[in-house]
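The next block holds one structure in the form of structure tokens; read it before the comments.
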Amino acid sequence: MSAGGRASRRRRAQTQRFDPLDNFEQKMLQQAVANSLVDVQRQDSVNVPEAPVFRPTPAEFQMGSMKYIESIREEAEKYGICKIIPPQGWNPPCAVDRQSTKAFRTRIQDIHGLQQGGGFDHGEKNARSYAQRARDFKEFWVHRKYRGDNEGRRELSYASLEEDYWRVVETGCDTVQVEYGNDLSSKVYWSGFEISEDPPKPQEMDLDVDFSNPDYYKKTSWNTNNFPRSEGSVLRHFRAEIDGVNVPWLYFGMLFSSFCWHNEDNYMYSVNYHHFGEPKQWYGAPGTAADKFEDAMKAFLKERFDKTPDLLHHMTTQLSPSLLQASGVPVCRTVQHAGEFVVTFPKAFHGGFSYGFNCGEAVNFAPPEWIEYGREAALRYRIYARPSVLSHDRVLLLLAYNLEGLALKAANILLGELQRLKNEEEELRPWLYSMGVRDVSDQVSLPPNRLDFIDSVSADYDEKRCCTVCRHICFLSAIACNCSRKKVACLHHEAYMCQCPKQEKFMLCWASIADMEKNIARVRTHIHNLLNPDQKLPLPALEAMSGRRSSPKKRPRPGRGSPPRKKLPKPASQATESESETTQAPRSVAVKSESREQRADQTRVTENPSIPPPPQAAPPAASPAPATDAGASSDSTCMPCSSSSPPPPANLADDPKVSEAKAEPNPPAPPAGPVASSSSKTVVDSSASNKPSVSENLPAAVQAKSS
């Protein structure tokens, strides 16, 4: 009884307000329930076949890295990855400063959340503090799982740690957070290999194998710093130093630090060397199964992919080999120890994790036969509006200029690619002219494309002509409009760049059809010489591409209302005009993004640098503006052009520096103008002395930097 004499009453707990899940959370919950019903029993031991392992003899090792990898490619490419163990005696000195206090950014990874495809936070460590953090975490994990008072303790092994890793990833049974020191530029920090002060020429590498000589490791093509420049690599023509492509990236790993599933930029090859420390666990799926791999990922993470279509480009998602195998994806595995190489092949997905503190180094390379994969990657990037680290069209013209040593198979592939480019330009240009786009090739002269090599000036200039819709580098031609001093579009996406009438748009051409035909003839002659070594013909000389229209062989124009046969769709991730106007400036095409999992976040760029309109021409009377353009919405970010167009720039043909450049047989690098960039990395040019002088008369799009 209470003090008042009344029996105490039970009171119902106060009702708590229920906040319903939003639509996305509900879908994610439904997806999780569906995934839990998938008939895949998680096994303690990961039953995945081994990737091939190659052990070259000293004579095979002396062939050089590119030639040896080509000799094993047919067998190894079927797996997507392979391991190469150098001959006995290989022992390069490691140049990494393990006691350095120089800070670098780390990626903080929640291993229990990797299967959900979320993002990463970032921390900061130096070589010494990272090594201590790695040792402390492994000691904690081993004591907790293997040496504590737990009943049924297991024996510690790499196999048991692999089981632990996938149990955490798949079930989230433990909260595990680690750090990964990834994508550290060897130019800013260190390369594990010693670098020669006088970089060896391709023909000077691997003249002999002397593992006891320290200078051998500086000059061998197996040194990751020499790999891209070795004989047979397309990247040897790149003088612009591109972090992660032809400049190695260094990696510090710890127990469970992960490199999530991905394939390489532009579907290139990659080589990873393990300098020191505990092993890395690798998994791979061949490039032939790439579509099946993506389908499996999308089926398991449907809602996540609906929200972020290019999720795989973020490198934040880890899916177990057992789930992939259950979806019919062929997966292999290998354990990489110190002193061993792992090679990944074009388009092959790969991922993995570390077994403890270690240090590795990776770089890309590309033999000429890679260009088929490069074309496929370029098309995919256009669909997702993802910037490319290099222009595929430029690489084709680069190879056409540097034909020495190009084998018959690669030459035939190159010929087909050049013919495809010419046919596309030959079809789209007349059709756009017939629709009212103005031809200003006789009124505006653009800096010629450099064909002999790629330096940082050329790479910077490529950034200034990226399509505002699909981010494709417009190497041969582009469409500009009087309504914007900053936008250009590729010939496929002219209709998406703005709402202006066709008569207000004009075409910029860096290469004429005749220029392209000269390149095709040059490759055909090279093929003839390979097939008829006793009847060799001189290669046609290549002059600076003028971009002026020539008509040795004009094709009939399509009808005004008939579109070209092939037209790329609008990118799936294309933002609205208002969205694209407010995003950040484009990153340099010659540098990889600061952290590779963030690359897709940088694809929605604002616009290209300004391109003022050419001398005004009266619109064709027979090409009236489309009715939809006249009634455009007033809140559109790109209004239809009025009669008060921006003032025309000076005629570039009057600029003596441009005229001199056009007359040179080996044209100078195209000048580059100032542009804001979201990337904090810089491009180092080994041929900076080739930069042209400043010309004040150039339009902003082609204005050179002040030297």
Side-chain angles (χ1 to χ4, degrees), residues 21-43 46-49 78-81 109-120 162 165-173 258-264 267 282-333 344 346-353 376-377 379-381 383-386 569 571-573 597 599-601 603:
L21 300 175
D22 61 29
N23 187 48
F24 178 72
E25 289 174 330
Q26 289 182 17
K27 290 182 177 180
M28 289 296 294
L29 181 59
Q30 293 170 1
Q31 182 70 53
V33 172
N35 291 342
S36 68
L37 300 177
V38 175
D39 189 18
V40 177
Q41 183 176 0
R42 199 190 64 78
Q43 302 175 356
V46 182
N47 185 21
V48 179
K78 295 181 292 186
Y79 294 84
I81 65 173
Q109 299 178 321
D110 292 330
I111 305 304
H112 53 280
L114 289 182
Q115 193 164 266
Q116 283 68 51
F120 298 134
E162 184 181 22
Y165 176 80
W166 288 115
R167 186 181 296 108
V168 172
V169 171
E170 291 185 293
T171 69
C173 58
S258 305
F259 48 106
C260 296
W261 288 107
H262 68 286
N263 48 25
E264 294 299 311
Y267 293 163
W282 286 73
Y283 304 96
T288 53
D291 291 340
K292 189 176 290 188
F293 179 96
E294 293 188 23
D295 290 342
M297 294 285 282
K298 290 175 181 178
F300 196 81
L301 297 169
K302 182 179 182 301
E303 299 303 327
R304 187 69 70 179
F305 274 92
D306 287 346
K307 188 175 182 179
T308 311
D310 57 347
L311 181 63
L312 284 174
H313 295 162
H314 294 221
M315 292 179 59
T316 59
T317 309
Q318 200 77 305
L319 204 63
S320 73
S322 58
L323 287 172
L324 293 171
Q325 287 176 320
S327 300
V329 180
V331 183
C332 65
R333 67 191 296 277
T344 72
K347 206 178 175 181
F349 278 94
H350 50 279
F353 64 93
E376 190 176 349
L379 177 59
R380 178 180 176 83
Y381 290 175
I383 292 173
Y384 287 99
R386 180 190 182 193
S573 58
E597 80 279 3
R599 186 159 305 136
D601 297 336
T603 58

Taking all non-hydrogen atoms of both residues, which atom of F353 and which atom of E162 are closest, and how far apart? CZ-CA, 3.9 Å
How long is the gap from CZ on R167 to CD1 on I111, to the nearest 0.5 Å? 15.0 Å
With sequence neighbours excluded, what pairs up with D306 under the salt bridge (charged side-chain N to carboxylate O under 4.0 Å, His left out) test? K302
Heavy atoms only: give me the nearest P321-W166 pair and the separation to one decimal. CD-CZ2, 3.5 Å
Is any side-chain heavy atom of K78 closer than 4.5 Å to a side-chain heavy atom of C332? no
Taking all non-hydrogen atoms of both residues into account, name the closest pair between T316 and G119 and its distance. CG2-CA, 4.3 Å
Closest approach of V48 to V331 (non-hydrogen atoms, all atoms of both residues): CG1-O, 3.3 Å
Once rounded to the nearest 0.5 Å, what's the spacing between atom SG of C260 and atom CD of Q318? 4.5 Å
Side-chain heavy-atom pair P49, Y79 within 4.5 angstrom cut-off: no
Closest non-hydrogen atom pair, K292 against G328: CD-O, 3.0 Å
Spatial distance of atom CD1 (I81) from atom NE2 (H350) [nearest 0.5 Å]: 8.5 Å
Output all residues satisfying side-chain contact (heavy atoms from CB on, under 4.5 Å) with D295, sequence neighbours left out; order by chain, then residue number. none
Suppose we screen for ring-ring contact (aromatic ring centres under 6.0 Å, His included). Which residues come up paired with F293, at least two apart in sequence or across chains? W261, F349
For Q115, check side-chain contact (heavy atoms from CB on, under 4.5 Å) against everything at least two apart and list the hits. V169, E170, F300, L319, L323
Sorted by chain and number, sequence neighbours left out, side chain to side chain donor-acceptor pair (under 3.5 Å) with E294 holds for R380
Contact summary for S258 and L114, nearest pair of heavy atoms: OG-CD1, 3.6 Å
Among all residues two or more places apart in sequence or in another chain, which pass the side chain to side chain donor-acceptor pair (under 3.5 Å) test with Q109? none
Measure the spacing between CD of Q116 and OG1 of T317 and express it to the nearest 0.5 Å. 9.0 Å
By ring-ring contact (aromatic ring centres under 6.0 Å, His included) - contacts of F259 (at least two apart): W282
Within this structure, what is the NZ-CG distance for the pair K347 and D291, rounded to the nearest 0.5 Å? 5.0 Å
Going by side chain to side chain donor-acceptor pair (under 3.5 Å), name the residues that satisfy it together with Y381, two or more places apart in sequence or in a different chain. R386
Answer yes or no: does atom OH of Y267 have more than 12 heavy-atom neighbours from other residues, nucleotides or ligands under 6.0 Å? yes
